[in-house]
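First listed ligand is number 1; within each ligand, the first listed atom is number 1.
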Amino acid sequence: MSTTTDAPQAGTQDAGDALAASSSEASLQRTLARSEQIERQIETDPSAFRILTGDRPTGNLHLGHYFGTLASRVVLQDKGVDTYLVIADYQVIADRDGVGPIRERVYSLVADYLACGIDPARTTIFTHSAIPALNQLLLPFLSLVTDSELRRNPTVKAEQEATGNRPMSGLLLTYPVHQAADILFCKANLVPVGKDQLPHLEQARVVARRFDERYGRVQADQPVFPAPEALLSKATNLLGTDGQKMSKSKGNTIEIGMDADTTARILKKAVTDSDRHITYDPENRPEVSNLVLLAAMSTGRDPHAIAEEIGDGGSGALKTLVTEAVNEHFAPIRARRAELAQDPGLLERVLAEGNARAEAVAETTLDEVRRAMQMTY
Ligand code: TRP
């Protein structure tokens with residue numbers, strides 16, 4: 001290989017710092033302002049956008065997922081934005097030893113999506129492992145990144161630490177590039193993300209730009225891949241029932257698909273404090289305020305108004321109210337979910353159709369990539 005003459009190119013400049021900077025405060029403010037602008041644009045022209053987002057099938061979705069992202073995905077879909085949802089099964093094996101009960105988890109995700117209002121006629125639901133043309137994009141994309149920028153990706157670092165310094169697999173190191181393929185295969189221009197995922201989006205933007213610089217175009221006037229933008233999700237600040245960061249492994253979550261009795265049991269054991277007068281004061285009373293917030297989100301009411309209504313009723317009244325609020329909001333969703341669970345054939349059909357649609361799109365993109373790279377034989 002005699003590439004030394006044209007290296008380093010502008011496009012191969014190390015982007016590790018840019019990735020880290022994407023979560024800096026100034027950059028965050030810019031992204032937030034731009035997100036708000038995009039929100040307004042969606043109101044007038046939803047067809048200008050294609051969204052890709054998704055989840056790892058590592059367990060059942062909980063209320064943090066629901067209020068954090070799932071509900072807003074449904075809103076965007078209903079506004080007419082073309083939406084793709086990846087069930088990221090290849091991400092599951094990046095930092096663990098086996099696949100676990102992957103089939104059940106994948107179908108459980110599909111059931112959660114449909115129960116919450118995702119419409120498979122409008123939203124394409126697919127799994128990584130079923131889309132060969134998407135996975136093949138990983139090879140040219142890997143040529144566009146360096147190992148040092150991958151090692152400095154803040155999300156990769158955080159996940160590496162979360163595994164208790166288990167030796168890093170090649171897949172964990174490169175998964176941001178695979179995630180770039182998730183976004184770019186369908187030429188999504190908008191990715192709803194929380195701020196912790198911003199470095200990933202920056203990685204996808206870097207890959208899109210470098211592909212253009214290094215391998216060129218099929219049509220002179222437009223790059224093969226548009227640079228995707230973030231739609232920054234508003235932080236919900238919802239904590240677990242113990243007032244700690246919500247996490248399945250801490251057992252402090254309420255799953256979307258749980259029944260009303262289980263929900264009541266979990267909320268009954270929720271941590272509160274000894275002050276009988278209920279207030280909404282997240283700073284000083286995180287546990288009580290979190291329950292107030294959950295009630296507020298489930299009813300669409302203002303948390304201060306809810307706290308005031310309970311007043312001196314104490315944590316008992318608060319727990320009764322939040323349990324009713326959650327169970328009432330999720331009753332129709334849970335009923336639909338239970339129906340879907342009775343119909344595995346339907347879930348299989350939805351996924352098979354989504355996979356077929358995603359594969360067709362991926363094939364078209366891969367074809368363009370081959371042409372841009374002159375690998376057409
Ligand atoms: N990494 C995301 C998560 O853990 C899931 C995901 C996979 C994703 N591919 C994506 C999110 C592409 C946004 C865009 O939740």
Side-chain angles (χ1 to χ4, degrees), residues 19 22-23 31 35 49-62 64-70 72-73 76 81-96 100 102 105-106 108-110 112-113 118 123-131 134-135 137-138 141 150 153-160 162-163 171-208 225-233 235-236 245-249 253 354 358 361-362 365:
L19 259 50
S22 66
S23 29
T31 307
S35 275
F49 297 97
R50 174 172 285 183
I51 280 180
L52 179 123
T53 183
D55 301 283
R56 294 176 194 211
T58 50
N60 298 329
L61 295 184
H62 53 62
H65 296 118
Y66 180 83
F67 290 114
T69 61
L70 199 42
S72 60
R73 291 177 194 171
L76 288 162
V81 181
D82 189 15
T83 303
Y84 281 69
L85 282 185
V86 59
I87 298 179
D89 56 355
Y90 275 153
Q91 271 187 20
V92 172
I93 51 172
D95 61 359
R96 56 190 80 199
I102 192 84
R105 286 177 173 170
V106 165
S108 159
L109 264 186
V110 178
D112 281 333
Y113 290 163
I118 293 292
T123 292
T124 303
I125 304 172
F126 67 98
T127 48
H128 279 147
S129 60
I131 320 295
L134 181 161
N135 293 312
L137 291 177
L138 185 62
F141 286 3
L150 290 172
N153 181 308
T155 313
V156 169
K157 275 209 249 173
E159 298 196 8
Q160 166 68 2
T163 64
L171 187 57
L172 182 57
L173 183 64
T174 55
Y175 98 88
V177 187
H178 192 240
Q179 187 152 312
D182 296 344
I183 297 168
L184 298 178
F185 94 93
C186 64
K187 304 191 180 187
N189 56 2
L190 201 55
V191 183
V193 283
K195 62 178 179 195
D196 59 315
Q197 295 270 313
L198 283 172
H200 283 325
L201 190 66
E202 191 52 34
Q203 182 70 74
R205 293 167 61 84
V206 164
V207 167
F225 297 108
E229 293 193 276
L231 186 62
L232 209 55
S233 45
T236 62
K245 189 174 163 18
M246 200 185 295
S247 146
K248 198 181 160 56
S249 57
T253 63
V361 171
T365 303

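- At most 12 heavy atoms of other shown residues, nucleotides or ligands fall within 6.0 angstrom of atom NZ in K195.
- Checked against T123 for a side-chain contact (heavy atoms from CB on, under 4.5 Å), the options V81, I51, I118 give a single hit: I118.
- Looking at every heavy atom in both residues, M246 comes nearest to T253 through CG-CG2, 3.4 Å.
- No part of H200 comes within 4.0 Å of ligand 1, judged by heavy-atom distances.
- Regarding atom 6 (C) of ligand 1, its nearest protein heavy-atom neighbour is Q179 OE1, 3.6 Å.
- Ligand-side atoms of ligand 1 in range of A88: 7 (C), range being under 4.0 angstrom from any heavy atom.
- The protein non-hydrogen atom at the shortest distance from atom 7 (C) of ligand 1 is Q91 NE2, 3.2 Å.
- Each of the following atoms of ligand 1 lies closer than 4.0 Å to a heavy atom of L52: 12 (C), 14 (C).
- When all heavy atoms of L52 and F126 are compared, the pair lying nearest together is CD1-CZ, 4.0 Å.
- Exactly one residue among H200, Q160, Q179 makes a side-chain contact (heavy atoms from CB on, under 4.5 Å) with T155. That residue is H200.
- In this model, no donor atom of one side chain and acceptor atom of the other lie less than 3.5 Å apart for T163 and D95.
- Those atoms of ligand 1 that come under 4.0 Å of a heavy atom in Q197, given as number and element, are 1 (N), 2 (C).
- Summary of contacts: the protein heavy atom closest to atom 3 (C) of ligand 1 is R56 NE, 4.0 Å.
- Among protein heavy atoms, atom 15 (O) of ligand 1 sits closest to G54 O, 4.0 Å.
- Considering only non-hydrogen protein atoms, atom 9 (N) of ligand 1 sits nearest to D182 OD2, 2.7 Å.
- A donor atom on one side chain and an acceptor atom on the other are not found under 3.5 Å apart for N135 and Y90.
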